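Notes to accompany the following structure.
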Amino acid sequence: MSDADQRAGERPGDPSAPPGRPLHWFDADAGPVVRPYAMTRGRTTSAGQHRLDLIAVVVPEPAADDPGRDQTLSPEHVEIVERCGDAPQSIAELAAGLDLPVGVVRVLVGDLVADALVHVTRPVPPAELPDESLLREVINGLRAL
């Protein structure tokens, strides 16, 4: 590549590059500097992969009083613990709040679960909730006493 091409930001032989115009491969809309796969070190699952679906709720453990002190945690790990410290949040809420893909948040939360900084609870599925008619019968039976 010639010095003039480097200064112009053009790649020689690139048919998509308009002649005489610099080829910009980055701009303000390019997104975060650190790509998601770098945050998870290329992992797609965590070691102790729990059922971390979109509605799983992340709750901080008492041991996570100041996650910023732990030098082994990434800034994303610290932010997850801090966000959950205000109020427990679902995986979907964390992904939206951090502007990260859900898969990345699952891996990061899995790391925090393995480090005992958070635990994950799941809402009771509707199929496991008691039937409303059964509850009404119990209430009516108690009133009859």
Side-chain angles (χ1 to χ4, degrees), residues 1 5-18 21-145:
M1 184 181 290
D5 287 340
Q6 285 178 344
R7 283 190 302 273
E10 297 177 351
R11 291 181 286 187
D14 186 354
S16 66
R21 289 190 49 191
L23 177 65
H24 294 287
W25 57 271
F26 66 92
D27 60 7
D29 296 329
V33 176
V34 177
R35 297 293 177 207
Y37 64 85
M39 290 178 202
T40 62
R41 294 180 296 260
R43 298 171 297 143
T44 57
T45 60
S46 58
Q49 189 68 27
H50 303 282
R51 290 192 53 185
L52 299 176
D53 55 3
L54 294 176
I55 61 172
V57 178
V58 181
V59 181
E61 293 287 352
D65 58 348
D66 186 16
R69 271 190 321 208
D70 191 347
Q71 297 298 316
T72 62
L73 295 177
S74 70
E76 293 78 19
H77 285 112
V78 172
E79 189 163 352
I80 288 172
V81 174
E82 288 174 350
R83 283 178 179 263
C84 294
D86 297 334
Q89 295 190 16
S90 70
I91 298 289
E93 290 171 322
L94 287 170
L98 295 169
D99 195 26
L100 291 173
V102 172
V104 171
V105 173
R106 284 180 179 150
V107 172
L108 296 174
V109 169
D111 294 344
L112 293 170
V113 169
D115 291 343
L117 294 173
V118 299
H119 68 273
V120 177
T121 61
R122 297 188 33 78
V124 178
E128 293 179 14
L129 292 173
D131 186 29
E132 184 178 336
S133 63
L134 175 65
L135 292 174
R136 290 195 187 280
E137 289 179 30
V138 170
I139 289 171
N140 291 337
L142 290 172
R143 286 184 182 151
L145 293 176

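Keep in mind that what you see is a predicted model, and the values were worked out from it rather than measured.
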Handout entry: Residue of the set Leu94, Leu100, Val113 for which side-chain contact (heavy atoms from CB on, under 4.5 Å) holds with Leu108
Key =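 The residue from Leu94, Leu100, Val113 that satisfies side-chain contact (heavy atoms from CB on, under 4.5 Å) with Leu108 turns out to be Leu100.
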Handout entry: Sub-4.5 Å side-chain heavy-atom contact between Leu73 and Asp115
Key =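 Leu73 reaches Asp115 side chain to side chain.
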Exercise for the section: Check whether any side-chain heavy atom of Ile91 lies under 4.5 Å from a side-chain heavy atom of Asp53, and answer yes or no. Expected result: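 No, every pair of side-chain atoms sits at 4.5 Å or beyond.
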Problem - Val102 to Ala95 - nearest heavy-atom pair and separation - result: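 So the two residues come closest at CG2-CB, 3.9 Å.
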Handout entry: Considering all heavy atoms, the nearest Val57-Pro88 contact
Key =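 The pair with the smallest heavy-atom distance is CG1-CB, 3.6 Å.
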Find the distance between [atom1] ([X]) and [atom2] ([Y]) and round it off to the nearest 0.5 Å.
| X | Y | atom1 | atom2 | answer |
| --- | --- | --- | --- | --- |
| Glu93 | Ile55 | CD | CD1 | 11.5 Å |
| Leu117 | Glu61 | CG | CD | 8.5 Å |
| Asp111 | Ile80 | CG | CD1 | 8.5 Å |
| Asp131 | Arg136 | CG | CZ | 10.5 Å |

Practice task
Say whether, by atom type as modelled, one donor and one acceptor occur between the side chain of Arg83 and the main chain of Gln89 under 3.5 angstrom.
Solution key: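 No: the side chain of Arg83 does not pair with the backbone of Gln89.
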